[in-house]
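As the structure is a prediction and not an experimental result, all values here were calculated from the model. Read the numbers this way: they start at 1 and go in the same order the structure lists the ligands and their atoms.
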Amino acid sequence: MMAFTGRYLQSARDVYPWRENMNVLIKNGTIVTETSIFKSDILTDGEKIKAVGINLTPETADTDVIDAAGKYILPGAIDVHTHLAMPFGGTVSSDDYFAGTRAAACGGTTTVFDFAMQDFGESLLDTVLRRDKICAPDAAVDYAFHVGVKDISGDLLNTIKDAVDFGVPSFKVFMVYDFGVSDGVFYELLSKSKAFNALISVHAENKEIISFLTDKFISEGKTSAYYHYLSRPEFCEEEAVTRAIAWAKANNSALYIVHLACKGGAEAIAQAKREGVKIFAETCPQYLEYNSEVYKRDDAKNFVCSPPMKNEDSRQAIIKALQSGIIDTVATDHCPFKLSEKEWGKDDFRKIPNGCNGVENMYPFMLSLAGEGVISYSRAVEVCSYNPAKIFGCADSKGSLAPGKDADIVIYDPEKTFTVTQEKMHSDNDHTIWEGKELRGYLEKVFSRGTLVYDNGNFMGKRGYGRFVKRQLTIYD
Ligand code: DUC
Ligand code: ZN
Ligand code: ZN
């Protein structure tokens, strides 16, 4: 073993109590980028990556040196779709800003995007500022917002500019729910988005058909969680995705489709991409792992989310779309609810709060898929970190391991095995849809801007450490 001038780091306990923005030299690891895998050392200097190369040596006496032989070194994941402390379904999602970002850190996700939901009549910048006031004191890793848009009447449309200037250039509309927007509002947003250098994303399902099917099933006494799926079947999502793409095309605008779950939607996106439309597609780990059969299980209520898991044909199509590049990003739609709240719908699926956990499981799950050969490790990095940073305008600091970028670094052991259990998780929720899932490989350490936030099962971060990530889009450049 080489002699190092720096102190050899055995475990985070060596450096406790809290030390921020350490100088770290990770030796002998294998770096995974979105395009390649190579043996290299990596050196951090405070918050930033200083150097990537072979035979690096510590430059200061307080540099912590980690031997990462046999380990992968990855950029921290970026989860661009979470709902933290979100009022929804008669309650509030059970992970607040601290719990959600603590779970994120422990899953190798070092940047979390949350939805700031506009109130009617509120300027879009005020929406962001209101949310930031609540979140900033609690976030344990870096965070960004999308604005969930409800109202662009009068002058409100032009407040998009203020939000973009503040560093929030992404806006989401829902085609469903009581707070969803009309087709006209969605269309108008698409028509103006490029001029504002903004990106519109959409939750695409057909509201009217869902409403019709839901009423029909309830009137027939069909109230179990399986009817949640049957009331939002494949064609409901496919039709809405197709409609949304048509409007993006008509406006020559970009469009980001969140949580894609159905085969027809994937085909429509593939076709649009072939035609040169600037469509981005996201899926979530639950649509890659589960199909609609989960709604026949005893714990079916725990899997109720929207869109629901679809049939096996769709699941296979989503896996293929991930492999072939039709899907650009993987994110979680993390929106957990307590078991007692899920229980509200035991006799009526309409009363089950929609949403599942996932922020701690996404990166380990995607890397495990890589270990199984379903995708490459580089593809896992691409969809979980590189592409999210690129699409949503924070690639200057996030999404890759290069000198000058934030030292958001994951040390990953591909030989470890890990079984997900609720006890091992770091969220405030009381169950996980990933219970019992066996993963190939697992994280060892996670650094957020050079600060150790996770070490072998332990959260090492701190409430309030996370910082707002100011973004600017480059997708139109
Ligand atoms: N779907 C969910 O399941 N939960 C939160 C919001 C959403 O669109
Ligand atoms: Zn949604
Ligand atoms: Zn969502």
Side-chain angles (χ1 to χ4, degrees), residues 78-96 100 104 109 112-118 131 143-150 170-181 186 200-207 210-211 214 225 228-229 231-232 236-237 240-241 244 255-262 265 280-287 289-290 292 294-295 300-310 318 329-338 341-342 344-345 349-359 361-362 388 392 427 429 431-433:
I78 301 171
D79 186 348
V80 293
H81 191 155
T82 70
H83 301 275
L84 303 178
M86 185 195 186
F88 194 58
T91 181
V92 176
S93 63
S94 62
D95 275 339
D96 64 12
T109 288
V112 164
F113 282 53
D114 178 49
F115 291 93
M117 300 299 295
Q118 182 194 20
R131 189 72 176 159
Y143 62 95
F145 300 117
H146 310 288
V147 181
V149 180
K150 298 177 187 171
S170 47
F171 302 83
K172 178 178 177 188
V173 295
F174 292 82
M175 293 168 91
V176 287
Y177 303 134
D178 51 2
F179 51 83
V181 299
F186 181 19
I200 306 300
S201 63
V202 63
H203 172 138
E205 291 182 290
N206 184 306
K207 184 176 177 172
I210 292 167
S211 170
T214 302
H228 170 72
Y229 160 58
S231 66
R232 314 176 89 102
C236 267
E237 186 182 346
V241 166
L255 175 65
Y256 181 94
I257 294 172
V258 302
H259 51 43
L260 182 76
C262 70
F280 303 103
E282 165 198 289
T283 194
C284 310
Q286 56 271 33
Y287 304 121
E289 175 71 3
Y290 298 115
S292 50
V294 292
Y295 298 113
K301 63 184 188 308
N302 300 343
F303 292 85
V304 166
C305 58
S306 295
M309 286 21 132
K310 300 293 194 339
I318 296 296
T329 64
V330 173
T332 62
D333 203 5
H334 182 80
C335 189
F337 294 100
K338 294 268 162 87
E341 295 166 332
K342 289 283 192 181
W344 294 341
F349 66 85
R350 294 174 302 177
K351 297 186 178 145
I352 305 172
N354 284 204
C356 301
N357 68 295
V359 75
N361 311 104
M362 174 180 79
F392 286 107
S427 136
N429 206 29
H431 68 281
T432 167
I433 62 164

Considering only heavy atoms of His203, which atoms of ligand 1 have at least one such atom less than 4.0 Å away?
-> 8 (O)
Which atoms of ligand 1 sit under 4.0 Å from any heavy atom of Gly355?
-> 3 (O), 4 (N)
Identify the closest protein heavy atom to atom 3 (O) of ligand 1: which residue and atom is it, and at what distance?
-> Ser306 N, 2.8 Å
For atom 4 (N) of ligand 1, the protein heavy atom that lies nearest, with its residue and separation = Asn354 O, 2.9 Å
Closest to the Zn ion (ligand 3), which N/O/S atom of His81 is it?
-> NE2
Closest Asp333 atom to the Zn ion (ligand 3) [N, O or S only] = OD1
Does ligand 1 have a heavy atom under 4.0 Å from the side chain of Asp333, from its backbone, from both, or from neither?
-> side chain
Ligand 1 versus Cys305, non-hydrogen atoms closer than 4.0 Å: side chain, backbone, both, neither?
-> both
Close aromatic pair by centroid cut-off 6.0 Å: His81 and His334 = no
May I ask you to decide if the ring planes of Phe179 and Phe174 are parallel, tilted or perpendicular, using 30° and 60° as cut-offs?
-> perpendicular
In terms of ring plane angle, is the pair His203 and Tyr177 parallel, tilted or perpendicular, where the classes change at 30° and 60°?
-> perpendicular
Enclosure of Lys351 NZ (heavy-atom neighbours >12, cutoff 6.0 Å) | no
Whether Lys150 side chain and Gln118 backbone form a donor-acceptor pair below 3.5 Å = yes
For ND1 in His203 and NE2 in His259, the angle at the Zn ion (ligand 2) (nearest 10°) is 90°
Hey, does Tyr177 come in under 3.5 Å of ligand 1, counting only N/O atoms on both sides?
-> yes
Per side-chain hydrogen bond (donor to acceptor under 3.5 Å, both in side chains), Asn357 is matched among Thr332, Asn302, Asn429, Thr432 by Thr432
Side chain to side chain, Tyr290 and Phe303, heavy atoms closer than 4.5 Å = yes
